[in-house]
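Each ligand, and each atom within it, is numbered from 1 in the order the structure gives. Since the structure is predicted, the reported quantities are computational estimates derived from the model, not experimental observations.
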Amino acid sequence: GKVRAPTHIISTISDDRGEEPCYAGVAMSSIVERGYGVGDVISLLWFKRSLPRYCTHFIEICIMLCADHGPCVSGAHNTIVTARAGKDLVSSLVSGLLTIGPRFGGAIDDAARYFKDAYDRGLTPYEFVEDMKKKGIRVPGIGHRIKRGDNRDKRVELLQRFARTHFPSVKYMEYAVQVETYTLSKANNLVLNVDGAIGSLFLDLLAGSGMFSKQEIDEIVEIGYLNGLFVLARSIGLIGHTFDQKRLKQPLYRHPWEDVLYTK
Ligand code: Q5B
C-alpha cells in the first residue's frame, strides 16, 4: 500500500487545496451563501466548530466594542508615535499590539482562569480577593484607570445585558459581579473592567452552550484563547489610528520636557 512520507507540519483548521478554501471543513461558498459573519469565521478557525448564533453574535459584540478606546490608551499611543516616526502600517500596528498584556487589554485569559478556579472551588468573593491579596496578585479583570464605581464602563453593561438576555446561564459573570461588589467596597476604581466582563462571560458561553466538553473548556482556558479577542479587535482601531496620523500628516512626535520629572 501507499506509505505517507512524514510531514513537518500538522494543520487541522483550514485547507486551501481544493477549488475553494475551507475553514474547519466548511467551504467558502457556504460561508458566503449562509451569510456567516466574522463571529462564525472565528468559531470555525479558533474553535473548529459552528457555534449557535447567540454565541457568534456575542463574539462580534466583543470585537466591536474592543475595536478602539480612543487615542490615549497604551496601544493607540504607541501606534500614533510610531506612525508619526514615519513607519509603515505593519510597524505602527505591531508597536501598538505589543503593549497588550497583563495591565492593558491582555487580562482576559487570566480573568477567566482566576474567576473559573475561584468559582469552581466555591470560594466566596471575600475569600478569593483576600487570597489574591495575600499572594500579591492583582485580580485580573478588576480595576481601571478612568472607570469608577460611579462612572461604570458602558461596554461592560452592554455585554452583561446581552448575556442576561441570550445566554442560558451567566453564573461566572454573576460571580465576577459579586467580586466587583466586594472590590468596590475597598476602592472606587476597582470596577469589573472590559477584560473581566469578557473573561467571565466567555466562561459562561463555553459552559452553557453545550458545544464544549469539560476537557475542551479546561484546554481553552489553559492555552489562553481569549486575549485573542482583544488583539483582533484592537487591531481594527490601531490600523485606524495609523491611517489617521498619515492622513493628518502629523510630524515626528517628541514628548515635552515639561512633562518629564528630571531627578537624580
Ligand atoms: N489595585 C487596570 O490600575 C489597572 C487592582 C488592585 C487588586 C486589582 C489595574 C490592574 C488588573 C489588570 C486588568 C485590564 C492597571 C484593564 C484595559 C482596556 C482598556 C484600557 C483603557 C481599553 C489600573 C491603585 C490601588 C493599588 C493597587 C490597587 C488596582 N487594581 N488591587 N486587584 N486588579 N488591573 N487590566 O488605575 O493599596 O494603593 O497599593 O492592574 O484587568 O486595559 O481604556 O485605559 O479598552 O483600552 O493604575 O479599557 O487595576 O491603579 O496601579 O495606581 O493602583 O488599587 O494595588 O492599591 P491604576 P494603581 P494600593 S481594561
Distance-only donor-acceptor check, side chains Glu130 and Tyr182, under 3.5 Å: yes
Distance flag for atom 30 (N) of ligand 1, protein heavy atom under 4.0 Å: yes
Heteroatom distance test (Val73, ligand 1): nitrogen or oxygen, under 3.5 angstrom: no
Protein heavy atom at shortest distance from atom 25 (C) of ligand 1: Asn189 ND2, 4.6 Å
Lys/Arg N to Asp/Glu carboxylate O, Glu60 vs Arg53, below 4.0 Å: yes
Leu190 contact mode with ligand 1 (heavy-atom cut-off under 4.0 Å): side chain
Nearest-neighbour protein heavy atom for atom 14 (C) of ligand 1, which is reported as residue plus atom name and distance: Arg103 O, 3.3 Å
Ring geometry between His166 and His57 (parallel below 30°, tilted from 30 to 60°, perpendicular above 60°): tilted
Nitrogen or oxygen atoms of Gly105 and ligand 1 under 3.5 Å apart: yes
Nearest-neighbour protein heavy atom for atom 16 (C) of ligand 1, which is reported as residue plus atom name and distance: Asn193 ND2, 3.4 Å
Atom 21 (C) of ligand 1: the protein heavy-atom neighbour that sits closest, reported with distance to 0.1 Å: His144 NE2, 3.2 Å
Protein non-hydrogen atom below 4.0 angstrom of atom 47 (O) of ligand 1 present: yes
Ligand 1-proximal atoms of His69, by part, heavy-atom distance under 4.0 Å: side chain
Atom 34 (N) of ligand 1 touched by protein (heavy atom, under 4.0 Å): yes
Modelled atom types, side-chain donor and acceptor of Thr99 and Ser74, under 3.5 Å: no
Distance from atom 2 (C) of ligand 1 to nearest protein heavy atom, with residue and atom: Gly143 O, 3.6 Å
Donor-acceptor pair between Asp120 and Tyr172 side chains, under 3.5 angstrom: yes
Lys186, NZ: over 12 other non-hydrogen atoms inside 6.0 angstrom: yes
Atom 26 (C) of ligand 1: the protein heavy-atom neighbour that sits closest, reported with distance to 0.1 Å: Arg138 NH2, 4.2 Å
Identity and distance of the protein heavy atom lying nearest atom 57 (P) of ligand 1: Arg145 CD, 3.3 Å
Geometric N/O contact Asp195 with ligand 1, under 3.5 angstrom: no
Results of ring-ring contact (aromatic ring centres under 6.0 Å, His included) for Phe58 - residues two or more places apart only: Phe167
Short N-O contact, Glu216 and Arg49, less than 4.0 angstrom: yes
For Gly141, the ligand 1 atoms whose distance to one of its heavy atoms is below 4.0 Å: 13 (C), 41 (O)
Close approach of Pro102 to ligand 1, heavy atoms, under 4.0 angstrom: yes
contact_flag Lys186 ligand 1 heavy-atom lt 4.0 Å: no
Salt-bridge present (Asp110, Arg113; N to O < 4.0 Å): yes
Protein heavy atom at shortest distance from atom 32 (N) of ligand 1: Val139 N, 2.9 Å
Residue among Lys147, Arg148, Arg152 satisfying side-chain contact (heavy atoms from CB on, under 4.5 Å) with Asp150: Arg148
Polar proximity ligand 1 side, Ile142 side, N/O cut 3.5 Å exclusive: yes
Min heavy-atom dist Arg234 to ligand 1 below 4.0 Å: yes
Fellow cluster residues of Val94, listed by chain then number, with links counted only when side-chain atoms sit under 4.5 Å apart: Val90
Lys/Arg-Asp/Glu bridge criterion (N-O < 4.0 Å) met for Arg121, Glu127: no
